[in-house]
Amino acid sequence: MPFGFRALASAWILGSACFAGSATAAWAEELSVATTGWVGARVKSALVEESTRLVPSPEDSGYRDNYVGAEAALGIDARTGKLRFVSQLRLSADDENDGGAHVDEAYAESLFGDRVFAFAGRRILVWGQSLGLNPSDVFGDQTRVDDVFPRSEARARVEGADMAGADVVFDGGGTLTLLFAPGFDRRDDGREEDLALARLSGFAFGGYLDYAVSAIGGDRPGGGLSLNYAVGEASVAYFDGTFRQGREKRTISGGVARDGSLDIHLRKTGGITPFATVGMGHTFTNGLSANLEYTRDAGGYSEDEMDDIDSTLDEVTPANSPRLMRGLGGVNVLLNHHTLRRNYGFARVAHDGPFGGNTAVELTTLLGLDDGSGVAGLGFDRPFRDRFNLGLRFDRAFGEENTEFRLRPETASVSIYTSVKF
Amino acid sequence: MNTFLKSAFAAIVLMSAGAASADDSLLRRVDEIRAPGSDFAFTVDLSAGGSSQTLSVSVKDKTKSLVRYVAPAKVEGRSILFLGPNMWIYVPGTRRALRISPRQRVLGGVSSADVARTVYSEDYRVAGSEPSGDGHALRLEPRVKGAAYARIDLTIDERGAPLKAEYFTRGDRKIKTMSFGGYEPVLGETRPTRFVVTDHVEGGETTMIYSEFREIETPEAWYQPGNLGRF
């Protein structure tokens, strides 16, 4: 998504001003600058259905059978004394769209004393252990993450959030994080909120358990909890959850109005809405690692709410009039979330180089337990020399027609990508 | 008679304790040879099957280790934190520190524990020993929950220098053998600098070359999962 000028400018000004101001004070310190980055290209071929109820004309809605794209990124990590400036600029282009520039990160950080790190600017900040659906990733928006790339790279290829904050480090492994993200716009429908967050993380039981508790402000105040526990020498059990007021998903009632508009609203949920994942990871003696997770999202659509959406879809399809087209557009906006329902299972099996080779393999499945639909992916990633890699990925949506993962017309795809890092 | 039995029992206990103490001293001597103190840093060059990696390792208070990936470019910026038997990995593309198990692999048959844990006595105790040539064969068993291996058969020479370690899982399955070599003077002691790991599960050999040892005090703040992204 191309950057907004105001957000970009504020991030750069805030980050650069912070860095420049502090750097002036520490001018005598030696400046070190490390640059990283990549240049890559990818080709994707997808199986796109002629139409679905939600997307009657896939081509007009931007779905494509074939895609060729390129991307380049430059990361800078400049340090002088106790000051640091971090940025990641990413350029992307494809065969049908003009290129876009993205400032994923641009923040300055300063160490005060030996315990307080204060930072300001745009930052990609991720918490939590869960791999499928991660409730602790409060700044994340999975709809913006390109799943073609390996799990170890995809989350950093998105724009971060503009924020200011501080980490206070304690002896014994504890860290208190305080931050404020004004105008945070993770929500898929463009709504913004001023998000404030306090998070305390630390260890217990001799380090076998690490925990994080959060207090979250903003439109949906509440709390968060993360727990990770080492089980033996090869397993990790984990929990990530948020418990915030209300919900993000909106519902429909009353059908389509004369002008095509929908009565879309936030249904009251009676207080706190849990969104939690519990999971287990295990590494086998041959290096194979496996993860199994269950997610409960109480803010997802219930059976009745899905029936309401289904009825509305019946009402607006076929969308053969401007009024019905408008109604269908409203449903599309409503359903623009990474997941829609309440119960999910996630499984992942991966190996960094099976059979003595160096091609990493990853098999994942996200299964909607409410309707049996889901998406499975199989990826291979092979390094060449020190800097090149070549990846191949297959994705397949499954389930009955008009179930969650079959609402949209892309049912399968194969992608090939390559990149060189520097 | 009763007094005799008590005395005999006490003698056996004392002899056992003495033997255990001698064995523990042997293991501490092994650690002294492997690790030059409690706070130090070194570089590791790993190679296996045509792939190679360079890691920078910092150790604090013997039990805290920070492993930073220096090369190749594909993995540069990754880091692994070891606090006792607990481990976290940071991969720049994920932007988060994930708890992992000590069995997690780094390259080939080498696990992160093999790289970052430079001492045995913090995680293992000597459960048995017997003479082996001029040295000893020690059987090590975990003294802490979450140690990377269920058993280690360690062969040492008369000086206490490790020669070979065989690693076993809980089912008594031998999964790898590490040979210690390349002994050379490093920071006042003749220490091993070349480690060859043979993987008995998937086959293949991985070589670790340790170099650039230096005694260095690193800040406590480095050894926090939340700080891994700052390296």
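Here is how names work: the chains are called A, B, and so on, in the same order as the sequence lines, proteins then strands, and each is numbered from 1. These numbers come from the heavy atoms of this one structure, side chains and all, not from hydrogens, waters or symmetry mates.
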Can you give me the closest heavy-atom contact between [X] and [Y], atom names plus distance?
X	Y	answer
A/Ser235	B/Ser101	N-CB, 3.9 Å
A/Ala156	B/Pro92	CB-O, 3.9 Å
B/Asn86	A/Gly206	ND2-O, 3.4 Å
A/Phe203	B/Pro225	CZ-CD, 3.5 Å

Side chains of [X] and [Y], heavy atoms from C-beta outward: is any pair under 4.5 Å?
X	Y	result
A/Phe117	B/Arg230	yes
B/Lys74	A/Asp381	yes
B/Glu220	A/Val169	no

Look at atom [atom1] of [X] and say whether more than 12 heavy atoms of other residues, nucleotides or ligands are closer to it than 6.0 Å.
X	atom1	answer
B/Arg143	CZ	yes
A/Phe388	CZ	no
A/Phe205	CZ	no
B/Arg194	CZ	no

Structural part of [X] lying under 4.5 Å from a heavy atom of chain B:
X	value
A/Ser226	neither
A/Ser201	neither
A/Leu209	backbone
A/Phe284	backbone

Under 4.5 Å, counting heavy-atom pairs only, tell me which of B/Gly204, B/Gly93, B/Ala148 racks up the most with chain A.
B/Gly93

Between B/Gln224, B/Met87, B/Arg99, the one whose heavy-atom pairs under 4.5 Å with chain A are most numerous:
B/Arg99

Greatest number of heavy atom pairs closer than 4.5 Å to chain B - which of [options]:
options	result
A/Val86, A/Asp167, A/Asp114	A/Asp167
A/Gly128, A/Gly202, A/Ser289	A/Gly128
A/Arg115, A/His351, A/Arg157, A/His282	A/His351
A/Val231, A/Asp210, A/Leu125	A/Asp210

[X] side, atom [atom1]; [Y] side, atom [atom2] - distance, nearest 0.5 Å:
X	Y	atom1	atom2	value
A/Gln129	B/Leu98	CD	CG	5.0 Å
A/Glu233	B/Asp123	CD	CG	12.0 Å
B/Asp199	A/Asn286	CG	CG	9.0 Å
A/Arg123	B/Arg95	CZ	CZ	9.5 Å

Measure [X] against the heavy atoms of chain A and call it side chain, backbone, both or neither at under 4.5 Å.
X	value
B/Val144	both
B/Leu83	side chain
B/Pro142	neither
B/Arg173	side chain

Report the C-alpha distance between B/Arg96 and A/Asn134 in whole Å, list the side-chain angles of each, state the deciding distance to 0.1 Å, and finish with yes or no for side chain to side chain contact (heavy atoms under 4.5 Å, CB included).
CA-CA 12 Å; B/Arg96 59 175 161 164; A/Asn134 180 13; 3.1 Å; yes

So, B/Glu76 and A/Lys421, do they make that salt bridge, N to O below 4.0 Å?
no

